[in-house]
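A quick write-up on the structure given underneath.
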Amino acid sequence: MTDYADYDTAFTALTKNHMHHVPSPQSTLIPREDHEKYIRGYAMVCNFLTDDAAFKKALKRISLKLWLAYNGDKSQSNKFTRAISVVAARHGFRVRRHDYPTVDHSTPMKFKLIGGDPQLGFFLRNKLFWKDSMDRRHGEHSHSLQWLAISAGNIGAPVAIPELYARSGEFLMKTTAGDKCSAWQWVADSFPGKRDGGATVLAGTRKDDLQTKGYRSPQNIMSYLLSRDKAGGLEKHFVASYLQAKDSGQLNRKIGADVWKQSGRSPKRYIKHNFTDRLQKEKRAALGFGNKEGDETVRTFHGVTGNLFVQKK
């Protein structure tokens with residue numbers, strides 16, 4: 001397990017492991033005199049993602065911004081990803097590029113990556129967010145939330161956070177196995193605990209590995225958001241409440257044949273019908289959703305009241 005108690009420890013680890021820039025053929029060169037600024041920036045990000053209180057505070061600020069953007073969108077589909085699109089743009093990130101032919105411009109974040117996907121570099125370089133085609137523990141939005149929180153954390157990095165994001169696939173270190181480990185893997189895509197078959201270990205220290213208790217691991221971000229930690233105020237946390245409802249099947253799948261019916265106009269959408277299943281009514285009530293017909297439920301998050309739409313995409 002590798003976590004950094006402070007910035008100096010993180011910076012020392014990255015420099016001892018000879019973090020260096022290897023530019024992509026598609027990117028511009030970074031002047032050599034600026035390399036250390038990036039390394040210091042990644043060390044600050046590592047330190048921030050280890051600071052439990054600081055990360056949760058920044059994520060709460062992002063949650064409020066997403067709730068406001070969510071309510072400002074009058075559509076009833078893709079509302080959460082559209083909200084991410086709005087907030088991402090304000091923080092210097094993007095979720096789509098009009099010159100990339102395989103991206104559906106009308107639907108934000110309609111592209112997914114799997115582990116090791118060669119298009120990762122393209123998305124990073126262009127400051128694009130995406131949906132991960134990963135399991136529940138990883139979460140499809142976890143990296144977007146992670147980097148928005150980093151951006152909202154005011155960590156004082158000498159390089160803008162979107163630029164650190166864009167170059168995170170180009171700053172590399174060596175592992176004991178002789179492989180390359182990128183800043184992206186180290187800073188943002190580590191693992192929550194002991195991995196089967198061991199973990200990647202850096203060559204310079206021969207002890208730092210890709211395992212963390214902090215939020216360098218997207219799985220740890222999801223574990224927190226899905227924890228239903230009322231003591232931590234998550235019942236008033238929009239992002240946590242939304243993801244918990246989705247994880248429980250209230251937003252993203254049919255709830256009995258007599259509850260959701262496929263739209264005749266769009267096979268990817270489902271229309272909510274009358275509730276006859278008592279158990280499903282109880283589940284919805286426990287999550288704070290109403291039992292009546294309709295797509296709108298009034299909720300209050302972060303002191304702001306708005307409408308939470310429950311609609312199958």
Side-chain angles (χ1 to χ4, degrees), residues 1-5 45-70 79-81 83-84 87 129 131-153 187-196 199 210-253 255 279-280 282-290 297 299-306 308-310:
M1 200 75 68
T2 301
D3 290 299
Y4 303 110
V45 172
C46 282
N47 183 46
F48 169 74
L49 294 175
T50 302
D51 187 331
D52 188 77
F55 177 82
K56 289 178 179 177
K57 184 177 180 180
L59 186 61
K60 188 174 181 179
R61 287 200 289 268
I62 291 300
S63 182
L64 170 58
K65 291 183 179 183
L66 288 172
W67 178 228
L68 294 174
Y70 185 93
K79 285 175 66 69
F80 190 72
T81 50
I84 289 179
V87 177
F129 287 160
K131 288 182 180 178
D132 264 305
S133 296
M134 300 292 283
D135 58 20
R136 169 186 176 274
R137 290 189 67 204
H138 186 285
E140 64 182 6
H141 294 294
S142 54
H143 284 306
S144 303
L145 297 170
Q146 179 187 49
W147 282 91
L148 287 174
I150 294 168
S151 185
V187 170
D189 211 14
S190 287
F191 295 88
K194 184 66 177 177
R195 298 174 60 198
D196 294 338
L210 277 170
Q211 298 178 80
T212 175
K213 294 180 181 178
Y215 300 106
R216 287 164 50 219
S217 164
Q219 290 93 328
N220 288 343
I221 295 173
M222 289 301 296
S223 293
Y224 166 63
L225 288 171
L226 296 177
S227 66
R228 307 185 192 281
D229 179 13
K230 291 187 177 181
L234 284 184
E235 77 278 9
K236 301 295 184 181
H237 195 289
F238 166 60
V239 170
S241 297
Y242 177 90
L243 293 178
Q244 287 170 20
K246 185 174 182 179
D247 183 62
S248 299
Q250 305 305 311
L251 296 176
N252 219 33
R253 71 181 186 203
I255 312 173
L279 179 60
Q280 293 298 343
E282 292 175 354
K283 284 183 178 180
R284 290 178 58 78
L287 287 167
F289 295 102
T297 305
R299 296 291 301 274
T300 300
F301 299 112
H302 312 292
V304 178
T305 299
L308 187 66
F309 291 83
V310 184

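In what follows, every heavy atom counts, from backbone to side chain, and hydrogens, waters and symmetry copies are set aside.
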Minimum-distance pair of heavy atoms, taken over all atoms of A188 and P218: O-CD, 3.5 Å
Main-chain N/O of T50 paired with D3 side-chain donor or acceptor, under 3.5 Å: no
Gap between atom CZ of F238 and atom CG of L68 - 0.5 Å precision: 10.0 Å
Counterpart residues, side chain to side chain donor-acceptor pair (under 3.5 Å), relative to S63 (two or more places apart): H237, H302
Residues which pass side chain to side chain donor-acceptor pair (under 3.5 Å) with D51, listed by chain and number, not counting sequence neighbours: none
Which residues share a side chain to side chain donor-acceptor pair (under 3.5 Å) with T2, sequence neighbours left out: D209
From OH (Y70) to OG1 (T81), nearest 0.5 Å: 10.0 Å
Parallel, tilted or perpendicular: rings of F301 and W67 (30°, 60°): perpendicular
Verdict with reasoning, Y224 to L234, per side-chain contact (heavy atoms from CB on, under 4.5 Å): CA-CA 9 Å; Y224 166 63; L234 284 184; 3.4 Å; yes
Aromatic plane relationship, F80 with H141 - under 30° parallel, 30 to 60° tilted, over 60° perpendicular: perpendicular
From CA spacing to verdict: side-chain contact (heavy atoms from CB on, under 4.5 Å), F55, I221: CA-CA 10 Å; F55 177 82; I221 295 173; 3.9 Å; yes
Nearest heavy atoms of A58 and F48, plus distance in Å: CB-CZ, 3.8 Å
Shortest non-hydrogen contact from Q146 toward L49: NE2-CD1, 4.2 Å
Which residues share a side-chain contact (heavy atoms from CB on, under 4.5 Å) with K57, sequence neighbours left out: R61
Shortest non-hydrogen contact between L225 and A240, atoms and distance: O-CB, 3.5 Å
Test side-chain contact (heavy atoms from CB on, under 4.5 Å) applied to V239 and L145, step by step: CA-CA 9 Å; V239 170; L145 297 170; 3.8 Å; yes
CE on M1 to OG1 on T212, rounded to 0.5 Å: 7.5 Å
Pairing residues for D189 by the side chain to side chain donor-acceptor pair (under 3.5 Å) criterion, not counting sequence neighbours: H143
All ring-ring contact (aromatic ring centres under 6.0 Å, His included) counterparts of Y4, not counting sequence neighbours: none
Y215 vs L59 side-chain heavy atoms within contact, under 4.5 Å: no
Check: N220 side chain, G214 main-chain N or O, donor-acceptor pair, under 3.5 Å: yes
pair F129-L148: side-chain heavy atoms closer than 4.5 Å: yes
Minimum heavy-atom distance Q219-S190, with the two atoms named: OE1-O, 3.7 Å
Inter-residue atom distance S227.OG - M222.CE, 0.5 Å rounding: 10.5 Å
